[in-house]
Asks: 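Dropping a structure here in structure tokens format, bear with me for questions.
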Amino acid sequence: MTKSQEAIDLEDKHGAHNYHPLPVVLSKGEGVFLWDVEGKKYYDFLSAYSAVNQGHCHPRILETIKEQASTLTLTSRAFYNDVLGPFEKYMTEYFGFDKVLAMNTGAEAVETAIKIARKWAYEKNGIMENSGKIIVAEQNFHGRTTTVISFSSDDTAKKNFGPFTPGFIKVPYNDTEALKNALEGEDNIVGFLVEPIQGEAGVYRPDNDYMRKCQELCKEHNVLFMADEIQTGIARTGSLLAVCGDCTCQGHCEKQSSYVEPDILILGKALSGGFYPVSAVLANDHIMEVITPGTHGSTFGGNPLGARVAVTALDVIKDENLAQNARKLGELFRERLNKFIETTDLVKLVRGKGLLNAIVINDSEDSSTAWDLCVALKENGLLAKPTHGNIIRFAPPLVMTEEQLHDCCDIIEKTIAEFQK
Ligand SMILES: *Cc1c(COP(=O)(O)O)cnc(C)c1O
């Protein structure tokens, strides 16, 4: 039996079957590359769902984690530590907010944002306790906790996990009229929670002015505009945050005219460059001050190891100009693939922003074409994964070079061309 098959069988026998992975067993990563246990080399075109924007095993982040791991890893928040404060100062300056609250996973950060929003509404916005509602978008993905799946549109993610948390209203994505109607027609709205691009749903990119219009509507109705940038943030879409619009300053400018300021910003994934789970919620004082001792917490949240890793991971984004690189390579990628798909019936369209892109397969939603194509891509040395509805997401690490990107486009085009025969 091959080493790969052995590893697959072990997971199959002893692990819960909560994923359906592509049949490849990875044992090493460096930059944009991954290697399997047989030594075959691949381009990574998923970046662990955009957690590895800085590339695998980035040497600077590696140095930081080693150093901090041999000094101090966890104190709990029962005591102060000498890393959390500098991390908080760095984060708030980097993203332009008064305060940050550190957690671990993305779903926890979303939960934190929901809790803050509700508490703010009851304590500062005159809404009666336990009656607040949060508007969300259809086809959203915000994580896997019971409250977060309560407002999912994905039946598989919800089925038999109820009863669910009440207090959420769904409106169609990229539909400001629907948001306006909900804000006007419903009582006790606390806020609107939205992804600037819906990643899991299949990289749905809304109209360019969608975020701005949503923010304006929220402001008009005095409710909180909450951006889940766990996947779109940290240079992925060609700017520091997707809400930065066209600005590539990576958060180091006086806020540009294209910037749409969220009241609550939610980050995760690439905040640690793939080394360690670190997530965060940012907001200004008038909102964050509803969080007082005892109201929220986490044993690991804000630990010295995660805090140090996050600072270096964000330094790398800035120092290596990864937002600019994502923007440039993204344009190249869509230009090449758009030209290529004119020659094939297999792909309907290419869409995305920066290096968060997808191709939509020209086949029924329940066909296995996207999966089969990903298996063929794997054989040809490139790893990508289908997402909902026969769509393949393409999201390589942002440290990719132009030459490597062309190499990857060659692989993708060759694989699709061969696949048709
Ligand atoms: C991945 C993701 C989450 C959940 O993050 P976890 O770390 O898996 O809990 C939430 N929102 C968005 C937009 C995501 O992409």
Side-chain angles (χ1 to χ4, degrees), residues 16 18-19 21 46-53 101-117 134 136-154 156-158 161 165 168 170 173-174 191-206 210-211 214 225-237 240-243 262 264-282 298 300-303 306 309-310 313 352-358 384-388 391 393-395 398:
N18 58 330
Y19 279 86
L46 182 66
S47 307
Y49 300 103
S50 296
V52 193
N53 288 359
L101 199 168
M103 296 294 282
N104 310 284
T105 65
E108 278 178 314
V110 173
E111 290 268 357
T112 302
I114 291 168
K115 287 175 73 176
I116 294 170
I134 292 174
V136 297
E138 280 169 12
Q139 313 305 325
N140 67 73
F141 183 85
H142 296 286
R144 299 296 201 162
T145 59
T146 307
T147 288
V148 172
I149 62 166
S150 298
F151 52 88
S152 170
S153 309
D154 178 351
T156 314
K158 288 188 80 159
F161 290 125
T165 308
F168 297 96
K170 269 188 241 139
Y173 190 63
N174 196 23
F192 176 50
L193 171 66
V194 68
E195 301 157 85
I197 292 174
Q198 288 191 325
E200 291 308 304
V203 190
Y204 280 104
R205 184 179 169 178
Y210 179 59
M211 283 290 109
C214 290
F225 176 58
M226 299 183 270
D228 179 347
E229 292 245 20
I230 292 170
Q231 188 160 159
T232 51
I234 317 193
R236 171 55 58 189
T237 62
L240 176 65
L241 300 168
V243 292
I264 298 185
L265 172 66
I266 308 167
L267 297 172
K269 293 199 166 105
L271 196 46
S272 64
F275 277 81
Y276 191 87
V278 184
S279 65
V281 174
L282 291 117
S298 157
F300 279 83
N303 72 76
V309 163
K353 192 167 185 215
L355 281 177
L356 183 59
N357 294 291
K385 186 92 199 290
T387 181
H388 290 95
I391 294 167
R393 172 173 32 200
F394 287 132
L398 311 182

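Since the structure is predicted, the reported quantities are computational estimates derived from the model, not experimental observations. Indexing begins at 1, ligand by ligand and atom by atom, following the structure's order.
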Asks: Using side chain to side chain contact (heavy atoms under 4.5 Å, CB included), reason through Asp228 and Val110 one step at a time and then give a plain yes or no.
Replies: CA-CA 7 Å; Asp228 179 347; Val110 173; 3.7 Å; yes
Asks: Is a donor on one side and an acceptor on the other found under 3.5 Å between the side chain of Glu195 and the backbone of Ala227?
Replies: no
Asks: Does a side-chain N-to-carboxylate-O contact under 4.0 Å join Arg393 and Glu200?
Replies: yes
Asks: What do you think, any protein heavy atom under 4.0 angstrom from atom 8 (O) of ligand 1?
Replies: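 No, there is no protein heavy atom closer to it than 4.0 Å.
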Asks: Number the atoms of ligand 1 from 1 as they appear, then name those within less than 4.0 Å of a heavy atom of Phe141, with their elements.
Replies: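 Those of ligand 1 that fall under 4.0 Å from Phe141 are 1 (C), 2 (C), 3 (C), 11 (N), 12 (C), 13 (C), 14 (C).
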Asks: What atoms of ligand 1 come closer than 4.0 angstrom to any heavy atom of Ala107?
Replies: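 Close to Ala107: 4 (C), 5 (O), 6 (P), 9 (O).
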Asks: Are Phe151 and His142 an aromatic pair by the rule of ring centers under 6.0 Å?
Replies: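 Aromatic pair counts; centres sit under 6.0 Å.
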Asks: Nearest heavy-atom pair of Phe225 and Cys214: which atoms, and what distance?
Replies: CE1-CB, 3.7 Å
Asks: For ligand 1, indicate whether the residue Tyr49 contacts it via side chain, backbone, both or neither (heavy-atom separation under 4.0 Å).
Replies: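 Answer for Tyr49: neither.
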Asks: Is the side chain of Ser152 donor-acceptor paired with the backbone N or O of Asp154 at a distance under 3.5 Å, no angle test?
Replies: yes
Asks: Judged by non-hydrogen atoms, does Glu200 sit under 4.0 Å from ligand 1?
Replies: no
Asks: List the closest protein heavy-atom neighbour of atom 6 (P) of ligand 1: residue, atom name, distance to the nearest 0.1 Å.
Replies: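 The protein heavy atom lying closest is Gly106 N, 3.4 Å.
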Asks: If we set the cut-off at 4.0 Å for heavy atoms, which region of Lys269 has an atom near ligand 1: side chain, backbone, both, or neither?
Replies: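 Only the side chain of Lys269 comes within reach of ligand 1.
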Asks: Give the atom numbers and elements of ligand 1 that come within less than 4.0 Å of a heavy atom of Asp228.
Replies: 10 (C), 11 (N), 12 (C), 13 (C)
